[in-house]
There are 2 protein chains.
Amino acid sequence: MTGYRVRMGSDDTPAPGAATRESATRARTRRAILDAAVSVLTADHGASLADVAEAAGVGRTTVHRYFPERSDLLAAIGADVRDRVAAAADRARLDDGPAPDAMERLCLEYFELGDRLLLLYDVPQFIAWSGIEEESVADLALLTLVRRGQKDGTLDPEVDAGWLQDVMWALLYAAWMQARDQGTPKHTALSLCLRTLRKAVAP
Amino acid sequence: MTGYRVRMGSDDTPAPGAATRESATRARTRRAILDAAVSVLTADHGASLADVAEAAGVGRTTVHRYFPERSDLLAAIGADVRDRVAAAADRARLDDGPAPDAMERLCLEYFELGDRLLLLYDVPQFIAWSGIEEESVADLALLTLVRRGQKDGTLDPEVDAGWLQDVMWALLYAAWMQARDQGTPKHTALSLCLRTLRKAVAP
DNA sequence: CCACAATGGAACACCTCTGTTCCAGAAAGG
DNA sequence: CCTTTCTGGAACAGAGGTGTTCCATTGTGG
């Protein structure tokens, strides 16, 4: 209803017109809550705010001070993930070099995001909230990359570009699961993922 | 706590020692609730029993009559899925013919199960309840199949057998998503899945 | 060292879901 | 047709989560 309500100052701050920066203390607390929320919600999508507060080492009241409603917290997580994804896609320099190599770089970057992306995957609501459009910037960049690879013959041209995109995500997901549930070392899981991806997307 | 509590007769039935078969009426109602629960819970993992009852076209009281506690309903769903998976694996005749072909047959069978398997994927709790062991019969059969293929050179021998198993699941999942969210026709999604799987698991 | 920012805890009303009981009415089935 | 089975709705208590207020305490920075 109210969307993402931002509260910069303390409860009784007289709302100083322009956007005042958050104090260092508050910024740290905010991050702690956000990070705790990610790990708690990854383990249990229906966890209560009390659980989040405990994991963050913070009182439940404090959580409500930063994120007045549950949806505010979830939206903030979504926005945080969106930013990280965009940054990761940026670092992967999708326009450079052969398409399969660029795709591999992207996988590497995304794999590092770990839990956060798992959460995005599992809780579809995040996509609706927090201004993640139908097709995010990163998704579009990946789509462009796939089309480029299909055009120059380095990626399978006989399947839909969106499908290749989904395949990448699916294999990433499988790799995370392998690491989390089977206890496979992360680098092993990642190299399995990359090897299989290369074959799967080849012409 | 109580596990899967079976109630065969009506409320006041004097518990007729041996296992009495359920009346046709009750069997139909039970199925309706079970099916409704699958589709409702697929859409929203936290849906209430009232939602399930409404979707089943049945009073909430009736749901409680068949499945006294929420966990009983979930366990029943899990058991139902387990049976269907086992039957599907059986129909795929995993021991016959080349391993990639058998794997493709299995994909076809699993794909038909649709929603039910998506649910199993999304709600890990189902695996703990309802007597699905760590490694179900179907999983073991698939693992055996993969090992056979790796030995005779028809499947990639350089990766762990468990990983190839996960890859199959991941691609199936991607195909379902493609059909559900992008509106891709099911047969199209399935053929994309099979094409990519063949390449991904090839040596 | 002192004012103000920031926190934690208790207590509160409110809501939703759960699981239960009871009973009147509909549906089956002999 | 009439009895048994099966159902749906109302009404209830209890549990747990949410969002709020208030106040005492801690801490941080100037």
Side-chain angles (χ1 to χ4, degrees), chain A residues 1-16 20-34 36-37 40-41 43-76 125, chain B residues 1-16 20-34 36-37 40-41 43-76 125:
Chain A
M1 193 69 70
T2 58
Y4 182 13
R5 210 184 307 164
V6 185
R7 295 221 179 148
M8 292 294 192
S10 79
D11 293 359
D12 39 22
T13 297
T20 310
R21 212 75 228 103
E22 217 172 26
S23 88
T25 309
R26 282 185 72 86
R28 258 180 289 124
T29 305
R30 177 180 294 272
R31 269 253 67 82
I33 295 175
L34 230 38
V40 168
L41 291 176
D44 173 12
H45 305 170
S48 73
L49 294 187
D51 295 333
V52 172
E54 191 187 348
V58 139
R60 191 171 67 92
T61 318
T62 302
V63 173
H64 278 291
R65 237 189 297 267
Y66 284 81
F67 307 98
E69 299 188 7
R70 183 176 234 272
S71 62
D72 295 327
L73 175 58
L74 298 183
Q125 308 165 304
Chain B
M1 193 66 73
T2 58
Y4 182 14
R5 210 186 304 166
V6 186
R7 293 220 179 149
M8 293 297 191
S10 79
D11 293 359
D12 39 21
T13 297
T20 310
R21 211 76 229 100
E22 217 171 28
S23 88
T25 309
R26 282 185 71 84
R28 258 179 290 124
T29 305
R30 177 179 294 273
R31 270 253 67 83
I33 296 175
L34 229 39
V40 168
L41 290 176
D44 173 12
H45 305 169
S48 73
L49 294 186
D51 295 333
V52 172
E54 191 187 347
V58 139
R60 192 171 68 92
T61 317
T62 302
V63 172
H64 278 292
R65 238 188 295 266
Y66 284 81
F67 307 99
E69 299 188 7
R70 183 176 233 272
S71 62
D72 295 326
L73 174 57
L74 298 183
Q125 307 165 304

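Residue numbers start from 1 in every chain, and the chains themselves are labelled A, B, ... in the order their sequence lines are given, proteins ahead of strands. Owing to the predicted nature of the structure, the values given are computational and were not obtained by experimental measurement.
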What are the atom names and distances for every N/O pair under 3.5 Å that joins the protein to nucleotides 16-18 of chain D?
from, atom 1, to, atom 2, distance (Å)
D:dT18, OP1, A:Arg70, NE, 2.8
D:dT18, OP2, A:Leu49, N, 3.0

(message) Check this for me: does the side-chain of B:Arg65 come within 3.5 Å of the base of D:dG8 through a donor and an acceptor?
(response) yes

(request) Rounded off to whole Å, could you give me the CZ-to-C1' distance for the B:Arg26 and C:dA28 pair? (result) 14 Å

(message) Mind checking if B:Gly46 touches a base, just sugar-phosphate, or nothing, with heavy atoms under 4.0 Å?
(response) nothing

(message) Tell me the closest heavy-atom pair linking B:Ala36 and B:Ala55, and the distance in Å.
(response) CB-C, 3.8 Å

(request) Examine distances only and state if a side-chain atom of A:Asp72 and a backbone atom of A:Glu69 form a donor-acceptor pair shorter than 3.5 Å. (result) yes

(request) Find the distance between OG1 (B:Thr29) and OH (B:Tyr66) and round it off to the nearest 0.5 Å. (result) 4.0 Å

(request) Using the closest heavy atom to pick a nucleotide of DNA chain C for each, name whichever of A:Val58 or B:Thr25 lands nearer the 5' end. (result) A:Val58

(request) Send over the distance from B:Arg30 CZ to D:dT5 P, rounded to a whole Å. (result) 17 Å

(message) Go nucleotide by nucleotide along DNA chain C from the 5' end; which of B:Thr61 and B:Arg28 gets its closest nucleotide reached first?
(response) B:Thr61

(request) Return the value, rounded to whole Å, for the distance between atom CG of A:Leu73 and atom P of D:dG19. (result) 10 Å

(message) Measure CZ/B:Phe67 against C1'/C:dT18 and give the value in whole Å, please.
(response) 16 Å

(message) Taking the minimum atom-to-atom distance to the side chain of A:Thr62, which one of D:dG9, D:dT7, C:dT7 wins?
(response) C:dT7

(request) Check whether any side-chain heavy atom of A:Leu73 lies under 4.5 Å from a side-chain heavy atom of A:Leu34, and answer yes or no. (result) yes

(message) For the NE2 atom of B:His64 and the CG atom of B:Leu49, what is their distance to the nearest 0.5 Å?
(response) 5.0 Å

(request) Could you note down all residue pairs passing side chain to side chain donor-acceptor pair (under 3.5 Å) where residues 50-60 of chain B supplies at least one of them, sequence neighbours left out? (result) B:Ser48-B:Asp51

(message) With a 4.0 Å cutoff (strictly under), does any side-chain N or O of A:Thr29 reach OP1 or OP2 of C:dT7?
(response) yes

(message) Is there a side-chain contact between B:Tyr66 and the phosphate of D:dC6, meaning an N or O under 4.0 Å from OP1 or OP2?
(response) no

(request) Using the salt bridge (charged side-chain N to carboxylate O under 4.0 Å, His left out) rule, pick out the option among A:Arg28, A:Arg30, A:Arg31 that qualifies with A:Glu22. (result) A:Arg30

